[in-house]
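Numbering starts at 1 and runs along the sequence shown. Not measured: the values here are computed from a predicted model.
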Amino acid sequence: MPTLYCFTIIISLLLISSTYAYAAPPKQTQYLNLAYEFLAPQNAARSAIRMRPLVWDAKLAGYAQWYGNQRRYDCALKHSNGPYGENIFWGSGTGWTPVQAVMAWVSERKWYSYWSNSCAEGQECGHYTQIVWRSTSRVGCARVDCLGGRGVFMICSYDPPGNYIGEKPY
């Protein structure tokens, strides 16, 4: 009898939770979730080398959203050439998440040599070094679905910017 009772409670909880799982969260909650998805893996990369965490900045997120909206029409992997440090990402299809974009940037760590302050020949490291740049303290990011099924464009803006030639990131 107790097993049937526990089973009934578990099924009821699953039904209740699945009912609410499909309800769209309020816009503010969606924004906070998006911010967290961008911020958490970047701060994990910084923590791994004992750097202070980045802080989410609404002004930078606004700039990133503005520029992401410009790329919505062509999904071109072009930098904004604006006043901030910047990482950009493009993925085909629609399922790309902020965590996947950030992990693509962070994965460049394997190509970066702190001792020579350089990247392995033929490899890219600038996304990683921007994330861990010592003086960078704020970040704001955006995710945009490109029109016509052209994919997903994501951008993070960093302030103060980093990646100065000849300087080590940390």
Side-chain angles (χ1 to χ4, degrees), residues 21 24-114 118-120 122-164 169-170:
K27 275 204 180 276
Q28 184 174 7
T29 302
Q30 289 174 342
Y31 177 78
L32 293 174
N33 288 343
L34 186 73
Y36 180 78
E37 285 185 50
F38 276 114
L39 194 55
Q42 293 187 76
N43 282 336
R46 290 176 67 89
S47 176
I49 55 170
R50 295 187 169 98
M51 297 297 297
R52 288 185 181 177
L54 296 172
V55 175
W56 187 260
D57 186 289
K59 179 181 174 185
L60 294 172
Y63 179 84
Q65 187 66 58
W66 170 81
Y67 186 68
N69 289 340
Q70 308 305 303
R71 297 277 61 93
R72 176 171 289 186
Y73 302 100
D74 61 7
C75 221
L77 202 55
K78 294 180 183 175
H79 284 279
S80 72
N81 298 316
Y84 307 114
E86 189 170 275
N87 282 343
I88 57 176
F89 172 92
W90 172 82
S92 65
T94 59
W96 294 96
T97 67
V99 171
Q100 290 172 311
V102 173
M103 293 313 295
W105 299 329
V106 169
S107 73
E108 295 174 0
R109 178 182 183 180
K110 66 182 170 270
W111 305 117
Y112 178 69
S113 167
Y114 179 81
S118 64
C119 194
Q123 301 299 325
E124 175 65 45
C125 297
H127 301 103
Y128 170 70
T129 55
Q130 175 58 80
I131 289 170
V132 298
W133 199 263
R134 177 185 312 276
S135 63
T136 298
S137 59
R138 297 180 309 281
V139 65
C141 308
R143 180 192 182 281
V144 174
D145 289 316
C146 299
L147 299 178
R150 289 189 174 108
V152 175
F153 182 87
M154 289 186 249
I155 175 175
C156 286
S157 299
Y158 301 87
D159 195 48
N163 284 341
Y164 294 108
Y170 51 91

- When you measure from the side chain of Thr136 to the backbone N and O of Pro160, does any donor-acceptor pair fall under 3.5 Å? yes
- Go through the steps for Val139 and Gln42 under the test side chain to side chain contact (heavy atoms under 4.5 Å, CB included), then give the verdict. CA-CA 10 Å; Val139 65; Gln42 293 187 76; 4.2 Å; yes
- Task: Compare every heavy atom of Ile155 with every heavy atom of Ile88, then report the nearest pair and how far apart it is.
- Result: CG2-CG1, 4.0 Å
- First locate atom OH of Tyr158, then atom CG of Asp57, and finally report the distance between them rounded to the nearest 0.5 Å. 13.0 Å
- Message: Measuring from atom CD of Gln123 to atom CD of Glu108, what distance do you get when rounded to the nearest 0.5 angstrom?
- Response: 9.0 Å
- Item | Interatomic distance, His79 atom NE2 to Tyr67 atom OH [nearest 0.5 angstrom] | 8.5 Å
- Item | With Tyr170 via side chain to side chain contact (heavy atoms under 4.5 Å, CB included) - residues at least two apart | Ile49, Met51, Tyr112, Tyr114, Tyr128, Val132, Arg134
- Give the minimum heavy-atom separation between Ser135 and Pro161, together with the two atoms involved. OG-O, 4.3 Å
- Message: So, taking the atom named CZ in Arg109 and the one named SG in Cys125, what distance separates them when rounded to the nearest 0.5 Å?
- Response: 11.5 Å
- Item | Ser80 backbone acceptor or donor facing Glu86 side chain under 3.5 Å | yes
- Note on the structure: In terms of heavy-atom contacts, Gly82 and Tyr63 come closest through CA-OH, 3.2 Å
- Item | Worked verdict on Val144 versus Gln65 for side chain to side chain contact (heavy atoms under 4.5 Å, CB included) | CA-CA 8 Å; Val144 174; Gln65 187 66 58; 3.7 Å; yes
- Message: Once rounded to the nearest 0.5 Å, what's the spacing between atom OH of Tyr36 and atom CH2 of Trp56?
- Response: 13.0 Å
- Message: Testing the basics here: between Arg150 and Tyr73, what is the closest heavy-atom pair and its distance to 0.1 Å?
- Response: NH1-O, 2.6 Å
- Pairs in or reaching into residues 58-106: which pass disulfide bond (SG atoms under 2.5 Å apart), with residues at least two apart or in two chains? Cys75-Cys146
- Task: Mind listing the closest non-hydrogen atom pair of Asp74 and Gln70 along with its distance?
- Result: OD1-O, 4.4 Å
- Could you pull out all residues at least two apart from Arg143 that satisfy side chain to side chain contact (heavy atoms under 4.5 Å, CB included)? Leu34, Phe38, Pro98, Asp145, Val152, Met154
- Message: Can you tell me how the ring of Phe89 sits relative to the ring of Trp105, calling it parallel under 30°, perpendicular over 60° and tilted otherwise?
- Response: perpendicular
- Rounded distance (nearest 0.5 Å) linking atom CG of Asn87 with atom SG of Cys141: 8.5 Å
- Message: Whether the side chain of Arg138 engages the backbone of Ser157 through a donor-acceptor N/O pair (distance < 3.5 Å, no angle test) should be reported.
- Response: no
